[in-house]
Amino acid sequence: MRRKLAAGNWKMNGTGDALAELTALLTAQPDPSCDVLVCLPATLLHRAAEAVRGRYLKIGAQDCHAAASGAHTGDISAAMLIDAGASHVILGHSERRADHGETDAQVRAKAGAAQAAGMTPIVCVGETLSQREAARALDVIAEQLSGSLPDDARFVVAYEPVWAIGTGKVATLDQIAEIHAHMRRLLTARYGDAGQPVPLLYGGSVKAANAAEIFAVPDVDGALVGGASLKAADFAPIVAALSAQ
Ligand code: PGA
C-alpha cells in the first residue's frame, strides 16, 4: 500500500512566530488518515520539532549537503537535520536547480547522503514552459529521474512543472495524469516491486479549491504545497482533501 502524503514547503519564509501555524494545523486537523509533513527553513526545525512532539505532524528540511561533515561553510548535513528533528528533506527543487545551479548528479548525491543518514529524500523534477512547448516534458522528466534518483528506492518523488510553481497556473488534470503515469512506469522499470511504495506528489499552485480533483488523478499520492502551506487555514483543507481520498 502506498501512503498518501501532504507536504508543505515554506521555502525562505517564517520566523519563530510562524510556528503558531503548525499548532493551528494540528487543531484544525487533529487526526488525518494521510501523512502530513511541513518542510521548514533550517532555523525553525528544532523549535518546530519540539512544538509538534508526540503528534502526527512530521518536520522536514529543504536541502542538505552531500557530505556528512567537513569544510563547507554555510552548508548543513543530513545528520544535522535529523539532529534538529527533521525526517524528510526536499532535494532538487527547481528553485535550487535554478538559483544554485544544482545538477541531477548533485541531487542524486544529496539523496544518497540523506538516505545514509536515515532521512527520506523528496526528489523534485519538472519541466520548464519552453520544454513543455517543445513537447519535451516526458523526456525531461525521464532524464531528471534517471539522473537524480539514488539506487535505493526509499524516497518520495515530486512532479513540479516549473511554470506552475507560485504562478497560480496549475497543470491540467490530463497533464498531471500523463506525467504521473510516465513516472510510475519509469520507477517500475528501474526498481521493480521496490518502486511500488514510492509516493508521487504533484506540486505547483495546489490550493484548497483544486486539491480534491488533483488527488483524484490516478498515480497522484499527494502534493508538495508552497504558498498554500504557510497558513493553517489554507493548508488544513488540503490535508482534509487528501485524507478523504
Ligand atoms: P506553490 O509552490 O504551491 O507556491 O506553487 C510549490 C513548490 O514550489 O513546492
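Whatever order the structure lists them in is the order used to number ligands and atoms, beginning at 1. Only heavy atoms go into these numbers, but all of them, side chains included; no hydrogens, no water, no symmetry mates. By convention here, the first residue in the shown sequence is residue 1. Being a predicted model, the structure only gives us computed values, none of them experimental.
Using a 4.5 Å heavy-atom threshold, the side chains of Glu127 and Arg136 count as separate. In this structure the side chain of His46 reaches within 4.5 angstrom of the side chain of Glu50, judged on heavy atoms.
In summary, the side chains of His93 and Glu160 do present a donor paired with an acceptor at a separation below 3.5 Å, with no hydrogens or angles considered. Of the N and O atoms on the side chains of Thr15 and Asp17, at least one donor lies less than 3.5 Å from an acceptor on the other residue.
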message: Determine whether Asp151 and Arg108 satisfy the following criterion, salt bridge (charged side-chain N to carboxylate O under 4.0 Å, His left out), listing intermediate values before the conclusion.
response: CA-CA 9 Å; Asp151 289 334; Arg108 178 186 156 96; 3.6 Å; yes
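Using a 4.0 Å heavy-atom criterion, the residues that approach ligand 1 are Asn9, Lys11, His93, Glu160, Ala164, Ile165, Gly166, Gly204, Ser205, Leu224, Val225, Gly226, Gly227.
For the salt bridge (Lys or Arg N to Asp or Glu O under 4.0 Å) condition, no pair includes a residue of residues 236-245, sequence neighbours left out.
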